[in-house]
Each structure stands twice: as C-alpha cells, then as structure tokens.
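Structure, as structure tokens:
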Amino acid sequence: MKPVFNRILFGGDYNPNQWPQDIWQEDMRMFKQASINSATINVFSWAQIQPSENQYDFDELDQIIEMLSQEKMDIVLATATGALPAWMFKKYPEVGRTDYQGRQHKFGQRHNACPNSLVYQKYAAAIAGKLAERYGHNPYVTCWHINNEYQGDCYCENCEKAFRVWLKDKYQTIDALNKAWNMSFWGHTVYEWDEIVLPNALSEGIGNDKTAFAGISIDYRRFSSDSLLENFKMERDAIRQFDPDTPVTTNLMGTFKGLDYFKWAKEMDIVSWDNYPAYNTPWSLVSMTHDLMRGLKQQPFMLMEQTPSQQNWQPYNSLKKPGQMRAQSYQTIAHGADTIQFFQLRRSIGACEKFHGAVIEHVGHEKTRVFRETADLGKELTQLSEIMGTEHNGRTAIIFDWDNYWALEYTSGPTIDLTYVDQVHQYYRYFYEHNIPVDMLSVTDDLTDYDLVVAPVLYMVKEGVKEKLTAFVENGGTLVTTYMSGIVDQSDNVHLGGYPGPLRKLAGIWVEEIDALAPEQSNQVKIKEHISGSSSLVSDLIHLEGAEALAVYTSNFYAGMPAVTKHLYGAGTVFYFGTQLDAASFDHLMTEVKEAAEIQPIIAEKTALEVTRRQSESHDYYFVINFDPETQPLPAYFVGKIDILSGATLKEEQVPQYTTYIIKEERHT
Ligand code: GLA
Ligand code: ZN
C-alpha cells in the first residue's frame, strides 16, 4: 500500500516544556547528529496550554512548533488530554474517576478522566479543536496523537447512568437483558433500568478479576472500551473540523486487555503502539504482538514508543545490550512498522520516570553508548524508506478476539491457570520457531486468503462465527481449535447440547467432560501408537463423532479416550487439541497440521534465527535476526547475498546475538 508518511519517522516523545530554552538548541544539534527527523510533543501539556478554565496559552507551544518546523522535523502533535489539569479537578471533582473499589479519585497521576464526564468531554474536545485550528495547517504537523495510552475504568454514577443507556440501546427490553445475563440465577431479576448497577467490588465482583455474572461484566468491558473510544472519536472529530487530512492515531498497548483494539482500529487512520518487553519476555511474544498490531488494520503501523535502553516501571529494568535496540527496531519493522519512535528523547529530571532511558541521558551530551547506537540506527533508516508500505502475505492466521479474552478470563472454572494471551502465544510460537508468517485476525475478518486458521480457546462463539469457520473448512481450509472452545454465546450463556457447541459438527467430536489438572498433575498420552508424551492444564473427555484420534490418553480414568483429533469436513480438515501437550508432542502434532495445510516456511532450512519477510510488488525483503544468546549459523539460503544495511556480501558464518541483516531480492513469479 501507499505509505502514510513520506519517510520513516525516527524520533519520539519530546518534552522541551520541561526544560529551559538554552537546552532546546542543544537538543536540535544532537537530534541532527542522530538523524532524528520527528518529535512527538504536547503529550502531557494540558496544564501548560490551558492554565485555567477560560484561558489558553499557546506561546510556548508556538515556539516549540516553530523551532521543530525550522528544523523540518515531522511533528507528531498530541492533544494533551492524557492527564487532567489541577484546576479542573478543583472546580469539577466529577471529572475524576471512581475506581473498582468505589473510591472517587482526587487530582493526581494521569489517565484519570471519567470518560462519561460531560465536563471532561467538553474541555477535551475544545482543546483538540483549538490545537487543530492553530496548527493543523502547518505542513510539519504530520500526525495527530490523541490522548495517550487510553486505559482504565470508571465506576462513578455518571458512568452507571451511561451504562444503562448503552444497555437499553443494546437490549431494547429489560426482559431481553434479564435473559442475556441469566438473571434468574440467584434471583437477580431486575424490573427497572435504574436497578442496574456497575459490576465492581461493591456489586458482582469477586476479588479483582472474577465476577458472579460474567454476562454483566463482559458488557461492562464492552461499554468501558466504547466509552473511551467515544472520547477518542470526539477529539478526532474536533480535529477534523479544522484539519481534514492529517492522519490521526492514538498509541495502543499490544495485548492490553481493557480495550477492543479491533473496534478501535476502525476509527484510527493508522495504528500506533508502545512496545515495552521485559528482560524475560519471549521474542516470539514480542513478534506476535507486532503482528497483532499490524492485524488490527492489516496495514503497517507506527512504533510510537520504545525505550532506547532502560525501562523504569518494570520490576527489573535491565539495559538493552549493545545491538539489542537495533535488533528490536528491525524486528518491529520486519513485522510491519513504518516508524521507529522512542520514549523519550531527553531523560526527565524528576518524578517517576527519571530512571527511564532516553536518547539524551542525564549527562546531557552525545558521547554515550545509547546515543551512538541511536545515531547509527537513525542513519541506516534514512536509506530504507522503500520498505515502507510493503506487505506480509501470510497463509496462516491466528484468531484474536477481545470479547473472548474477557469472557475466558472472567469465567469461574475449570482452572485459574488458563490465560488467553498465553494460549494464543503457544500456537504463535510454533509458527515463529518455524519461520512461518502469521497474520493475527479478528473473528470477523475475511478468511478466504488463508490456508490455515488457528482459533485457540475460542470459548465464546458469537453469532456468525460458526458459519464463517464452516465455510472456511468446507472450501478446503484447515482449522485448528482447542479445549475450552465453542462453550458460550456472546452473553456467556452455554451453547446447550454438548461441547464444543456450535463447533461440534465441524470438529466431529463431543466433549462430555472437562477435567482440570493442578500444576503438579499431568496425564499420559500416546500419539499415533508410537510416541508417548504428557499433558496438563485441562483434559477434555472426547467422544468421536466422525473425527479420528491423533492422540489418546493412557492414564487417568479416561485412558483410551481421544486427546487430539482430526476431522475431514467438506474439502477441509479440523484439528482439535483437547489438552495442553508437552512441547515435543505439541510440536509433533502441529507439524502434522502444517503439512495438512501445506504451509511453507519463509526459507526451507531450519534455523534458530528469526526470519521475517516484507514484500513489495517486485521485491522480497528478508529480515534475519539472531535473538538467541548462542551464536547461530547463517542459513545457506542467505550466503553470498548482500545485507543492504552494511552493503556486505554475507559469508558462511556464525552470527552472534542481535546480529541483524536485511536481504533484498527481486521476486521472479
Ligand atoms: C508509556 C507512556 C509514556 C511513558 C512510557 C514509559 O508508554 O505512554 O508516557 O510513561 O510509558 O515507559
Ligand atoms: Zn465515570
């Protein structure tokens, strides 16, 4: 596709308003040295630009924007609404949030506005509009950044009222709502809309993350995601009145649970996200998250934030080792980013982020390792704009669904150890390790371009999903699904008539019972008569209804029953994993899946390197990165080819950790 920007934006969050002006000139000098061509400004400046209710003061922002424009920087202009000014709290305490425990918050922190406060809405829309009116015509304002990392819930009375309105719109009648939430359970039937209360710790909440009525809590999650999305749309529309063209985004947070990002992405011109893996986050999970962010719009995205080296808010904030930031940046581009931006450009002097890494460290000059590595990367990126807008074209898809994420994790039983992202990641990891490109899709996306679709723990099967998956398989697709799938409808009520409900015919099985295994327990399984393995977490007790068994339990009272099955259906095949297998058994069966679907890896050779590919109409760009602490042989496929980053011809060699190559090849079709 045509890229959204003219060049790879390279820069990040920049807060000159926290510094005296003589520092600004130093910043400009150093940015140039590091090929920094972009700055994200005004993210938390609401109190500066609107010092009181009726007073706006854009003098300093004018100067900052003037300076950056002089430097021909691409400005990512934030609307400053991520933290409320003190005066607003003082005059209108209702703008603050009420938390899950029912406590109304005072001035402090950030991401702290009640999304349904009319006062907040009025002032947020006003400031966004004023900024667009003032700066929207500036050609250096390249992107609008609304708010910041939208997140969090509010349980105040305003939100309660808004929830009732949202519900009335959804259900129309109180009878329909009672039925959807199964309110005859525990005599919870409501007769008037104003009897409905928010499901927090004072109501249906059980502990911090479980609930007595998942139906209510899931609807609250949808409502909460929609409430913040309305805030986003409101600011976007205020901007659009003055600036019809400049792309609008807000920075997302990967697999963050609180917001249905597929729904959000439809309202955004380009997806952007903040990537902060911990020292021990698997690289496959980082890669999956990038693919998910690309999948939201099935388009390239912006990396709005990463740290050049150190974090501050994780338990252990290790430095990025030499070469690591470069490797991570290229991994990000490999999976679909068209920008590399940092939090932040200059390290702050006080408050809780003074230990957060920055391009310019506290020492204040450019003679640092972090600066050098940033500058080296910046220089390289100036040569790579041809990669912007290129595509991925995988044949394998994994389904990710926020409703399902919420429902699966709200449910009481069968085990507390079942977590959505980990389950999805387990399947992703297989493909990652085999260098098979994956697209992360929503349950409503079109599946026709795919040969293999994996829908892990598809616990909630909403209307239309069964039909979609059935058509996919009938037309020759290979579908993988698992335990805890097909159990409930969109309101968390069970699909009666035997698990996996709407998927039963497709999978050719009936699951009679679901056993939970505690961490110290396991079952034995046998795969195709000759391999034995073990399984854990949950065990489905499966009856075959047309499927064949690929693995059977050999222990427990259900020894002899199938654990993994395969069903030929229409022109396609359905695999069902009824238990969590040990790594070797899992790998073995996933290889069978891969072969059934005739899925090809990017290169045929097995390698521990990460190999990803972006494609233009004429060329393939291979990103080859070693994330393994051990050196790894360069696959023969790349020997003799040119690494476009260094210009060197690659030899037969052992590549150390964080080595990164990009190989460009013309495609002959
Ligand atoms: C988030 C925020 C930034 C900053 C960084 C620190 O991503 O958007 O403002 O706080 O975290 O890692
Ligand atoms: Zn509220």
Side-chain angles (χ1 to χ4, degrees), residues 12-15 17-18 39-46 76 78-84 89 92-105 109-121 124 145-166 197-200 220 223-228 230-231 249-254 256 272-279 281 289 293 302-315 317-318 320 325 341-348 350-359:
D13 277 49
Y14 178 48
N15 298 301
N17 52 308
Q18 294 172 16
T40 305
I41 56 168
N42 200 43
V43 181
F44 293 107
S45 310
W46 200 346
V76 177
T79 57
T81 53
L84 298 176
F89 265 93
Y92 306 103
E94 55 147 304
V95 296
R97 285 187 186 170
T98 297
D99 66 19
Y100 186 73
Q101 275 71 33
R103 301 171 301 193
Q104 199 195 343
H105 282 214
Q109 302 228 12
R110 59 175 176 176
H111 308 133
N112 47 1
C114 163
N116 291 297
S117 153
L118 296 179
V119 176
Y120 163 67
Q121 290 175 7
H145 173 304
I146 294 186
N147 202 282
N148 185 69
E149 293 191 337
Y150 276 106
Q151 59 187 282
D153 304 315
C154 182
Y155 296 89
C156 77
E157 281 181 13
N158 268 337
C159 286
E160 197 155 73
K161 286 187 191 131
F163 186 42
R164 292 172 190 148
V165 173
W166 187 93
V197 298
L198 294 173
N200 67 357
Y220 174 75
F223 159 77
S224 182
S225 175
D226 282 359
S227 296
L228 290 169
E230 285 305 316
N231 291 169
T249 191
T250 181
N251 46 346
L252 309 182
M253 297 177 286
F256 174 69
S272 67
W273 90 282
D274 302 343
N275 181 30
Y276 291 106
Y279 75 97
T281 305
T289 315
M293 295 296 98
M302 302 169 77
L303 178 74
M304 188 64 86
E305 294 181 24
Q306 67 174 349
T307 176
S309 178
Q310 199 164 27
Q311 257 293 331
N312 73 290
W313 48 263
Q314 290 171 352
N317 299 287
S318 316
K320 285 184 180 166
M325 185 277 287
Q341 295 155 275
F342 297 101
F343 185 88
Q344 58 181 335
L345 297 186
R346 184 181 272 276
R347 195 187 272 231
S348 59
C352 63
E353 286 177 351
K354 62 183 176 300
F355 278 120
H356 196 291
V359 173

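Start at 1 and go down the list; that is how both ligands and their atoms are numbered. Given the structure is predicted, the values throughout are model-derived calculations rather than measurements.
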Legend entry - Pair H105, N112: side-chain N/O donor-acceptor within cut-off below 3.5 Å: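 No, because no side-chain N or O of H105 sits under 3.5 Å from a partner of the opposite role on N112.
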Does [Y] offer a backbone N or O that forms a donor-acceptor pair with the side chain of [X] under 3.5 Å?
{"X": "H145", "Y": "T40", "value": "no"}
{"X": "D153", "Y": "S224", "value": "no"}
{"X": "T81", "Y": "A124", "value": "no"}
{"X": "Q344", "Y": "R346", "value": "yes"}
{"X": "N251", "Y": "M304", "value": "no"}

Atoms of ligand 1, numbered as shown, that sit under 4.0 Å from any heavy atom of [X]:
{"X": "F44", "value": "9 (O)"}
{"X": "E149", "value": "1 (C), 2 (C), 7 (O), 8 (O)"}
{"X": "H356", "value": "6 (C), 12 (O)"}

Ligand 1 versus [X]: contacting region, heavy-atom distance under 4.0 Å:
{"X": "R110", "result": "side chain"}
{"X": "N148", "result": "side chain"}
{"X": "M253", "result": "neither"}

Inset, instruction - Report yes if the distance between the aromatic ring centroids of F343 and H356 is under 6.0 Å, otherwise no. - result: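 Under 6.0 Å, so yes.
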Legend entry - Nearby protein N/O/S atoms (those under 2.8 Å) for the Zn ion (ligand 2), with water ignored: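 Near the Zn ion (ligand 2), the protein supplies C114 SG, C154 SG, C156 SG, C159 SG.
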Legend entry - Residues E353, R110: salt bridge by 4.0 Å N-O rule: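 So E353 pairs with R110 through a salt bridge.
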Inset, instruction - Could you tell me how the ring of F163 sits relative to the ring of Y220: parallel (under 30°), tilted (30 to 60°) or perpendicular (over 60°)? - result: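 Correct class here is perpendicular.
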Legend entry - Nearest-contact summary for atom 4 (C) of ligand 1 - protein heavy atom, Å: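 The closest one turns out to be E353 OE2, 3.3 Å.
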Inset, instruction - Say whether N312, considering both its backbone and side-chain N or O atoms, lies within less than 3.5 Å of an N or O atom on ligand 1. - result: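 For ligand 1, there is no N or O atom that lies under 3.5 Å from one belonging to N312.
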Inset, instruction - Sort out for me which residue in E305, Q311, Q306 forms a side chain to side chain donor-acceptor pair (under 3.5 Å) with Y276. - result: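 Result for side chain to side chain donor-acceptor pair (under 3.5 Å) with Y276: E305.
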Inset, instruction - From atom 3 (C) of ligand 1, work out which of H111, Q311, E305 has a heavy atom at the shortest distance. - result: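 Nearest option to atom 3 (C) of ligand 1, by heavy atoms: E305.
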